[in-house]
Amino acid sequence: MKRILIFLMCLLLLSVVALPCYATEETFEITTDAVTESTTIATTENLPEPTTKKSEPTTKTEPTTKKADSKVEKGEIEKVTEDNSQPRLMVVSYEIENGFISPEETKILTITLKNMHSKKRVSNIKLSVFEDSDEIRPTGMGTKYIDSIGANKYYTWSVELKAVHTATIGEHKISFSCEYEDQNGSGYNADDTLRIEVRQPALLEFDGAKLPVKVVQEDTVTVNINLMNTGKAPLYNCKVDFNINGLDSGGSSFVGEIAPQESATANANLRVDSELTGKVTGTIIITYEDSFGEKFELKKEVETKIEKKVIKAEKQEEKEKKNPLWWLFLLGGLILGGSLGFGIPFFINSNKQRKKDEERL
């Protein structure tokens, strides 16, 4: 019995001793959990909200950031700026009607513009032309408004010009200018010089460029062509060429210079072919130059008929063919002449004999 009581007292004592230890261990576990939870909450509050899957590319751009950082370290900073380049409006070609203008003449000047920029449009455009000497004038205001010209596009302006009657012969400088804006409203100007020649027209008239209706084989045909300068400027290197089948000129007939309001004659001897016969055609070509070296050409179509050359023996034979009884006439003439030759002496002698007989009696 005593042993049982002692055993129970020992168990009670052990339980009293072990209880604080158990309580302390449990409290520690609770405190540890609380600390972990508070740490988690604090960490969660300090961190940004959880990112979605779409934010993954941001994490992948780290290598680019590193490269950018390396460039910054090297002093190479990349900047993305706006395109502030100036759109350029330029004259790419121009042409005056027929290549020149003469005093008291009106002609069209054609100017072609191009917007050289590959991306930007130009707008609110004003074009103008003028000449300082005022010898070549626009027939109107000499200005033109254009709403816009697209990037890399062309525009053609035709303006009418008139040269005054006292305009100096030679090259004249026409001033061309244009004002325009880009798509941001920035204004620009562009100027060019157009060179136009004032010339007196080269005027030539001619007569005598023709052939006889008929020519004979191996004959020589003379042609005289009168050339007249009807303009106000001299003509140079005037000459005449013949391109006629069956007629050989032996070369050009050169006249040379012809002064204004004067004339000159081109003479040519054409040798007719010895074998060709019948109708032949060809061209008479007249060429000349003005004071600027520009060449001009006039043409005249001509024709003639080549006849066969007739020899004298052939002419006699042809006459004989026309008179087939010629021998009869010849025989009659001989008989008549013989009769007269015999009869007249006989008649004279008979008269003499008769007179002698009468004297004897």
Worksheet entry | Step-by-step side chain to side chain donor-acceptor pair (under 3.5 Å) determination, Asn124 to Glu181 | CA-CA 6 Å; Asn124 197 24; Glu181 298 176 356; 3.2 Å; yes
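- Atom CZ of Arg195 is separated from atom NE2 of His172 by 12.5 Å, given to the nearest 0.5 angstrom.
- Remark: the Glu303 side chain and the Thr281 side chain contain no N/O donor-acceptor pair separated by less than 3.5 Å.
- Residue Lys239 places its NZ atom among 12 or fewer non-hydrogen atoms of other residues, nucleotides or ligands, all under 6.0 Å distant.
- In Phe254, the CZ atom is crowded: over 12 heavy atoms of neighbouring residues, nucleotides or ligands sit closer than 6.0 Å.
- By the 4.0 Å N-to-carboxylate-O rule, Glu301 lies too far from Lys299 to be salt-bridged with it.
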Worksheet entry | Chi angles and distances behind the side chain to side chain contact (heavy atoms under 4.5 Å, CB included) call for Thr139, Thr106 | CA-CA 8 Å; Thr139 56; Thr106 300; 4.1 Å; yes
Practice prompt. Evaluate the criterion side chain to side chain contact (heavy atoms under 4.5 Å, CB included) for residue pair Val272 and Thr304; output intermediate values, then yes/no.
Written response: CA-CA 11 Å; Val272 184; Thr304 188; over 6 Å; no
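- In the displayed structure, Lys144 atom NZ is contacted under 6.0 Å by at most 12 heavy atoms of other residues, nucleotides or ligands.
- Neither Leu161 nor Val164 shares a network with the other; the hydrophobic side chains, linked directly or stepwise wherever heavy atoms of I, L, V, M, F, W or Y lie under 4.5 Å apart, form separate groups for each.
- Remark: Glu197 CD is packed, more than 12 non-hydrogen atoms of other residues, nucleotides or ligands lying under 6.0 Å away.
- Residues Ile136 and Glu131 approach most closely at N-OE1, 2.8 Å, considering heavy atoms.
- Contact check on Glu104 versus Lys162 returns no salt bridge, with no Lys/Arg side-chain nitrogen under 4.0 Å from an Asp/Glu carboxylate oxygen.
- Residues Val216 and Ile306 form no side-chain contact, since every pair of their non-hydrogen atoms from C-beta on lies 4.5 Å or further apart.
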Discussion item. Between Tyr94 and Trp157, is the side chain to side chain contact (heavy atoms under 4.5 Å, CB included) condition met? List the steps.
Written reply: CA-CA 9 Å; Tyr94 67 93; Trp157 179 30; over 6 Å; no
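- Atom CD of Glu289 sits about 9.0 Å away from atom SG of Cys238, to the nearest 0.5 Å.
- One finds the OH atom of Tyr155 at 11.0 Å from the OG1 atom of Thr112 (value rounded to the nearest 0.5 Å).
- Looking at heavy atoms from C-beta onward, Leu113 lies in side-chain contact with Leu127 at the 4.5 angstrom threshold.
- When the shell of 6.0 Å around CD of Gln261 is examined, it contains more than 12 heavy atoms from other residues, nucleotides or ligands.
- In this structure, the separation between OH on Tyr180 and OG on Ser123 is 11.0 Å, given to the nearest 0.5 Å.
- To the nearest 0.5 angstrom, Asp241 atom CG is 9.0 Å from Ser253 atom OG.
- Contact annotation: the side chain of Ile196 approaches that of Ile101 to within less than 4.5 Å [non-hydrogen atoms, C-beta and beyond].
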Worksheet entry | Derivation of the side chain to side chain contact (heavy atoms under 4.5 Å, CB included) call for Thr143 and Lys126 | CA-CA 7 Å; Thr143 58; Lys126 177 187 176 183; 4.2 Å; yes
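- Between Asn269 and the choices Asp248, Thr220, Thr222, the side-chain hydrogen bond (donor to acceptor under 3.5 Å, both in side chains) rule is met once, by Thr222.
- Annotation: side chain of Ser175 is not in contact with side chain of Asp191 (no heavy-atom distance under 4.5 Å).
- Using modelled atom types, one finds a donor on one side chain and an acceptor on the other under 3.5 Å when comparing Ser148 with Arg121.
- The neighbour count for Arg271 CZ, taken as heavy atoms of other residues, nucleotides or ligands under 6.0 Å away, is above 12.
- A donor and an acceptor atom, one from each side chain of Thr277 and Gln217, are nowhere located under 3.5 Å apart.
- The closest side-chain heavy-atom distance from Asp273 to Leu247 is not below 4.5 Å.
- Across all non-hydrogen atoms, the minimal contact from Ser158 to Ile108 is CB-CG2, 3.9 Å.
- If you take CD1 on Ile284 and NZ on Lys210, they are separated by 11.0 Å, rounding to the nearest 0.5 Å.
- Proximity of Arg199 to Phe292: side-chain heavy atoms (C-beta onward) are separated by under 4.5 Å at one or more points.
- You'll find the side chain of Asn229 stays beyond 4.5 Å of the side chain of Leu204, heavy atoms only.
- Relative ring orientation between Phe296 and Tyr288 is described as parallel, the plane-to-plane angle staying below 30° on a 0-90° scale split at 30° and 60°.
- Remark: the Tyr236 side chain and the Asp290 side chain contain no N/O donor-acceptor pair separated by less than 3.5 Å.
- Other residues, nucleotides and ligands contribute only 12 or fewer heavy atoms inside 6.0 Å of the CD atom of Glu205.
- Proximity of Lys173 to Leu194: side-chain heavy atoms (C-beta onward) are nowhere separated by under 4.5 Å.
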